[in-house]
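Nothing here was measured: the structure is a model prediction, and the numbers come from that model. We number each residue from 1, following the sequence as shown.
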Amino acid sequence: MEEIVNEILEEFERRKMERKPFERQWQVNLNFVVGNQFCSVDGLGNTCNLESDFEWQEKQPYNYLATMYESRLAKLARVRPKMTVLPSTSEEKDIKSAKVSKCILKAVEHKLNLSSLIAKATKWSELCGTSFYKIVWDSNSGRVVGQNEKGKKIHEGDVSVTICPPFEIYPDNCACESLDDCRSIIHARAYHVDVIKQMWGIDVAGENIDVISADTAENTSAGLGIGTLNNSVIKTTKANHAIVLEYYERPSVAHKNGRLIIIAGKKLVYSGELPFENLDDGERGLPFVRQISQEQASNFFGTTIIDRIIPLQRALNSTKNRKHEFMNRIAQGVLSVEDGSIDTDSLEEDGLRPGKILVYRQGSNPPHFLQNGGLPSDFSNEEDRLMNQMTVLSGLSDLTSAISTYANMSGTALQLLIEQDDAKLTTSAEEIRSAIKLIGKHILRLYKQFVARKRVGRIIGGDNREVELFYFDSSDISSEDVVFETENELTETVAQRRSMVFELLNAGLLSNEDGKIDNRMRSKALELLGFGIWEQGQDIASLQRGRAQKECIECLNDDKTPKVSQIDDHQIHITEHTAFLLSDTLDESNPKHAEIRERILKHIEEHKEAISALSLREAVR
């Protein structure tokens, strides 16, 4: 055991030294985004703040970089594709299995709040270039199914997805271009000793662990005697913590199923094979998914636009500060006095306040202001040039800032400009989509491995947004071919989607044979326009559809035939019941399903008889 611990600790130190140059750049990026834009890396590789050459020099940050970073996050927040699963074959069994897999992904997405996790990972990838998802099976989560002999609750287990910043991940070689090229990964994180005791039941010695955190730096000078508190990302210390190392190694000749070694505070917690069959054909692999902002050739860690903008942000800060210094000289003036002609100490202390009586030595030249001239246009030209370059490098362009330039353009031309602007984010958006697809595959494979008994899942579905239940086990998951229902979301904004709906309505493509729009299509159109919930709350037809769908589900689960009610809209019920029979829910080869089919057909006939009876009564009247 001691040999294994020493081996992993030595390997961890080697990987720390190899990754150190990337970590320095990440710290500088974090500092620039939070506003500490006078930081740099010294000769020892430590981050430090640049000092002013003179006390009077202005040293104010003008944080345009943070605005560009937030704008990119806002646009990338639209990338939330809906996952679905393709059946492995065209057989009915595989088609049903694919539907179950889709429901599983939908339920997990809601349960884990996957959209929030993606947003958090995107923040890290846009800050440092890389972020990681860790997808594992947590036996301590999920529904409680019993208790053990010690009274501890036993859970059924469930999938866990956590976000790992790049500071926590150590690959075996930083020259690997992807996770597939890595032979092993070390996940290092600091835990409180009480948490380690709770998780693994061992006592470890607490230490002071250095971690990266955002804090407010001490009062620093911004020039001209102005003090300021700058936000800064610095190394802070966590007391009574210990480093937990999780060493994941791929299967090899020596270790057929790979290795997982967990060390907490220099104590061996676990040593065994990789527990998760998360690759194709049931193979075991690393439980991580990588998401990058921009790929670097022959490099495991990606890069980000912040790396490229930092030199321009430095130049912009310098230009603006020198410009303000020049303006201060014009406003306050630079006074020239003959040596010994006046009391310079008093002049330096009080300045030339209005109404001041300036006494100078008889026979000497009176003090006078040096002529600085007007503000050179080079300052403004340089500011505009730097701002334009920052905008180009960030992949963003604010059309509102140049409204006069585009005032005479047509709507189509403006739309093309917007599409070209969004196209610059395509690479980052595709990385997010690729990561989401891999996450979906990992989730399905973990459920297929660990869900041996039937369990219930919940999804929000139907026109009334009601909770629907479904049952599944590992045998119901036969396909892991995750695809997306939508194209790249950056190419379609809310305004574009609404415009498309109006065009379809005007073209009559959503109308029936009579040229009218039925209630169901009206509800769908309002849903696409963003008024789906309002429509469902007001439209009785949607309630009728929900009741008809419930009758079909009840008929599927029970041996009872639903009864026709006087308040039923018979035509809507007939449509919904017919749609249920035409779907793949019922298997004609199954005797029980054949019986259900006959009962639903009988129920449809009762609705038709009710319509005939109503027509007869209307004719008599």
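- Looking at Lys20 and Glu23, no side-chain N of the basic residue comes within less than 4.0 Å of a carboxylate O on the acidic one, giving no salt bridge.
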request  = Dump the intermediate steps for side-chain contact (heavy atoms from CB on, under 4.5 Å) on Arg19 and Phe301, then the final yes or no.
outcome  = CA-CA 10 Å; Arg19 205 199 64 177; Phe301 296 103; 3.6 Å; yes

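- Contact record, Ile169 with Phe132: CG1-CD1, 3.5 Å, taken as the closest heavy-atom pair.
- Between Phe326 and Phe379, the angle of the ring planes lies from 30° to 60°, which puts this pair in the tilted group.
- A distance of 10.0 Å separates CG of Asp384 from CG of Leu316, quoted to the nearest 0.5 Å.
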key: salt bridge (Lys or Arg N to Asp or Glu O under 4.0 Å) between Glu246 and Lys134, worked out   = CA-CA 12 Å; Glu246 298 177 11; Lys134 185 180 181 182; 2.5 Å; yes

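- Comment: Glu382 does not engage Lys323 in a salt bridge, judged by the lack of any side-chain N to carboxylate O separation of less than 4.0 angstrom.
- Paired with Tyr170 under the rule ring-ring contact (aromatic ring centres under 6.0 Å, His included), one option of Phe288, Phe12, Tyr248 passes, and it is Phe12.
- Here the side chain of Trp124 pairs no donor or acceptor atom with the backbone of Pro165 at under 3.5 angstrom.
- Put simply, the side chain of Glu177 gets close to the backbone of Ser298: a donor and an acceptor are under 3.5 Å apart.
- Residues Val482 and Gly440 come closest through the heavy atom pair CG2-C, 4.0 Å.
- Taking both residues in full, the closest heavy atoms of Leu286 and His442 are given as O-CE1, 3.8 Å, listed atom of the first, atom of the second, then distance.
- Judged by distance alone, the side chain of Asn240 and the main-chain N or O of Val193 form no donor-acceptor pair under 3.5 Å.
- Other residues, nucleotides and ligands place more than 12 heavy atoms under 6.0 Å from the NZ atom of Lys111.
- How far CD1 of Ile436 is from CD of Gln291: 7.5 Å, rounded to the nearest 0.5 Å.
- Annotation: side chain of Arg308 is in contact with side chain of Gln294 (closest heavy-atom distance under 4.5 Å).
- Judged by distance alone, the side chain of Ser293 and the main-chain N or O of Ser428 form no donor-acceptor pair under 3.5 Å.
- Residues Met83 and Phe484 form a side-chain contact, since some pair of their non-hydrogen atoms from C-beta on lies under 4.5 Å apart.
- A donor-acceptor pair is defined here as one N or O able to donate and one able to accept, closer than 3.5 Å; such a pair exists between the side chain of Arg250 and the backbone of Cys182.
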task = Please step through side-chain contact (heavy atoms from CB on, under 4.5 Å) for the pair Leu393 and Ile305, ending with a clear verdict.
result = CA-CA 7 Å; Leu393 286 182; Ile305 56 98; over 6 Å; no

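- Of all the heavy atoms in Asp172 and Arg14, the pair that sits closest is O-NH2, 2.9 Å.
- Asp307 approaches Thr303 most closely through the heavy-atom pair OD2-OG1, 2.8 Å.
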Test side-chain contact (heavy atoms from CB on, under 4.5 Å) applied to Arg15 and Glu11, step by step = CA-CA 6 Å; Arg15 297 186 185 193; Glu11 179 65 13; 2.9 Å; yes

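- Side-chain atoms of Asn317 never come within 3.5 Å of backbone atoms of Pro61 as a donor-acceptor pair (strictly under, hydrogens ignored).
- Side-chain contact between Pro171 and Cys176 is absent, with no heavy-atom pair separated by less than 4.5 Å.
- With rounding to the nearest 0.5 Å, the separation of CD1 in Ile310 from CE in Met390 is 10.0 Å.
- Under a cut-off of 6.0 angstrom, the local environment of NZ in Lys320 is crowded, with over 12 non-hydrogen atoms contributed by other residues, nucleotides or ligands.
- At least one donor-acceptor pair under 3.5 Å links the side chain of Ser125 to the backbone N or O of Thr122.
- Salt bridge Arg322/Glu325: present, at least one basic N to carboxylate O contact under 4.0 Å.
- Within the 3.5 Å criterion, the main-chain N or O of Val33 finds a donor-acceptor partner in the side chain of Asn63.
- Considering every non-hydrogen atom in both Ala429 and Leu76, the closest pair reads N-CD2, 4.0 Å.
- For the pair Leu114 and Leu117, the minimum side-chain heavy-atom distance is below 4.5 Å.
- Distance alone, capped at 3.5 Å, is enough to place a donor-acceptor pair between the Thr391 side chain and the Met387 backbone.
- Contact annotation: the side chain of Phe32 approaches that of Arg314 to within less than 4.5 Å [non-hydrogen atoms, C-beta and beyond].
- Here the straight-line distance linking atom OH of Tyr133 with atom OG1 of Thr162 works out to 11.5 Å at 0.5 Å rounding.
- Side-chain contact between Ile118 and Val79: absent, with no pair of heavy atoms (C-beta onward) separated by less than 4.5 Å.
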message = Between Asn278 and Ile135, is the side-chain contact (heavy atoms from CB on, under 4.5 Å) condition met? List the steps.
response = CA-CA 9 Å; Asn278 49 15; Ile135 307 102; over 6 Å; no

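- Residues that satisfy the ring pair (Phe, Tyr, Trp, His ring centres under 6.0 Å) test with Phe502, not counting sequence neighbours, are absent from this structure.
- Scanning for ring pair (Phe, Tyr, Trp, His ring centres under 6.0 Å) contacts around Tyr69 gives an empty result, with sequence neighbours left out.
- Side-chain contact check for Ile306 versus Glu126: every heavy-atom pair is 4.5 Å or farther apart.
- Annotation: side chain of Asp158 is in contact with side chain of Tyr447 (closest heavy-atom distance under 4.5 Å).
- Phe300 has its ring centre no less than 6.0 Å from the ring centre of Phe22.
- Taking CD1 of Ile443 as the reference point, atom CG of Leu112 lies at 6.5 Å (rounded to 0.5 Å).
- In this structure a side-chain-to-backbone donor-acceptor pair under 3.5 Å is present from Asn31 to Gln27.
- Remark: Tyr64 OH to Leu386 CG distance equals 11.0 Å, nearest 0.5 Å.
- By the neighbour-count criterion of 12 heavy atoms within 6.0 Å, atom CE of Met327 is sparsely surrounded, having that number or fewer from other residues, nucleotides or ligands.
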